[in-house]
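The next block holds one structure in the form of structure tokens; read it before the comments.
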Number of protein chains: 2
Amino acid sequence: MQKFNQSLQAYFNLNENDLVKIASYFKSETIEKDDYFLHAGNQCKKLSFINDGILRIYMTIDRKEITQWISTSGYFVTEISSFMFETPARWEMQALSKTTLFTISKENYERLNQEIENWHLIEKAFISKCFAMLEDRVFSHLSMTAEERFEFFFSQNKALFNEIPQQYIASMLGMSPETLSRIRNKQLTK
Amino acid sequence: MQKFNQSLQAYFNLNENDLVKIASYFKSETIEKDDYFLHAGNQCKKLSFINDGILRIYMTIDRKEITQWISTSGYFVTEISSFMFETPARWEMQALSKTTLFTISKENYERLNQEIENWHLIEKAFISKCFAMLEDRVFSHLSMTAEERFEFFFSQNKALFNEIPQQYIASMLGMSPETLSRIRNKQLTK
DNA sequence: TCCATTTCTTGACATAAATCAAGAAAACAT
DNA sequence: ATGTTTTCTTGATTTATGTCAAGAAATGGA
């Protein structure tokens, strides 16, 4: 819970009162390895902070799984569209390891708007940050080679490479597992 | 202004009162061909609806211009991060043709929050839609070939191909102008 | 600990797409 | 209209990356 509070604070720059109130709505929850946080088609009714563990967000298309994102400890996870508009989720979200979360239900989330002054600002900041992150990702595909995308991601997420199958990282970066393997090998011998 | 009102309505599902109030804050504005809506480094202080014309959003990196997006009549344009958080803009936004806009200043935009009930919901919907659009774009780079990205974009934006240099579309889709030219040629003879 | 399963690596080869260059076509300015 | 500039097309070639396949390594379960 310590880590969660600190992250809430760091993300949203809250005062003590608000921090406590917000945190009180988040309930601890565990997902076993290979179990699902969310299935495509269902409505995403929760927003969670990953306390420990790893979730993979993916979609299956033509029998191929496309990994859209891998979310790790210290980050929030939800499917924004589904959570905000109560539409069916488009992504599968599966735990790659036993994962502990702090989760707020959609119901309680709605209450924050009444209870926290300027909650809408916090909410806006959250979504906008997610937007900016995706903007960078699009840009990386327009302006970088597979190798450059690898380098950048690796520099920011070294630990991840020992924790999950590399094929998922490859997919997320838009390259085949073989290409990632070769690039990685090349980097090591540099 | 007709088109603008209809689009506002369609985007945000407003009642007559709110619609009129919101629309009243948007002022007509014109940008000549090749002039800039926004320069990187400056703060983006406006949110605009494109009534007519075309804007190109791009960044120059290693002497190469990467076109991130091309925004056309009927859509809104701003740099979300810069507009929301008053940070320096990262993108250049230039008119590819004489462009007429309806623009709301950041200042007036802030007023909407007091004046329109549930404005925060409208705002959230707006940003979330932008987010979902980018999510699709990332996905297109993970799961589609250049040819498939072309086909999809072309099917949705046929007119654009006669209105602006194709090199910009190519960049936006993450391919060289030559590749786009070849794909296009191939499609025509199919 | 051992076996089964999954994942990773590597080589050979195929393919998509980039680059370079030159001429054609189109757009623009005078 | 004419010349100038920009953009587009096309061919030749190179490069990056994908695919397939097989063995090696790692992982996970009994």
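Convention: sequence-line order gives letters A, B, ...; per-chain numbering from 1.
Ring planes of B/F150 and B/F161: perpendicular class, angle over 60° (limits at 30 and 60°). In this pair, A/F102 and A/F49 present their aromatic rings parallel. The plane angle is below 30°, not in the 30 to 60° band.
Rounded to whole Å, atom C1' of D/dA26 lies 16 Å from atom CD of A/E163. Rounded to whole Å, the distance from CD on A/Q166 to P on D/dA26 is 12 Å. To the nearest angstrom, C1' of C/dC8 lies 16 Å from CE of A/M175. One interatomic measurement links the two molecules: CG of B/L188 to P of D/dT10, which rounds to 10 Å at whole-angstrom precision. Distance A/Q167 CD to D/dG18 P: 15 Å, rounded to the nearest Å. Here the C1' atom of nucleotide D/dT27 and the CG atom of A/N162 are 14 Å apart, to the nearest Å. Across the protein-nucleic acid pair, A/E178 atom CD and C/dT15 atom C1' stand 14 Å apart, rounded to whole Å. As rounded to whole Å, 10 Å separates atom P of C/dC20 from atom NZ of B/K64.
Contact between the side-chain N/O atoms of B/N185 and the OP1/OP2 oxygens of D/dT9 is not found at any separation under 4.0 Å. For the OP1/OP2 pair of D/dT17 and a distance below 4.0 Å, the side-chain nitrogens and oxygens of A/S176 include no atom meeting the criterion.
A donor-acceptor contact closer than 3.5 angstrom links the side chains of B/N108 and B/R111.
Comparing A/P165 and B/L180 against DNA chain C, the residue whose closest nucleotide sits nearer the 5' end is A/P165.
Nearest to the side-chain atoms of A/Y168 among the listed nucleotides C/dT7, D/dT10, C/dT10 stands C/dT7. Closest to the B/R182 side chain, of the nucleotides D/dT9, D/dG18, D/dA12, is D/dA12. Checking C/dT9, D/dT17, D/dC8 against every side-chain atom of A/T179, the shortest atom distance belongs to D/dT17.
Using modelled atom types, no side-chain atom of A/S82 and backbone atom of A/Q43 make a donor-acceptor pair closer than 3.5 Å.
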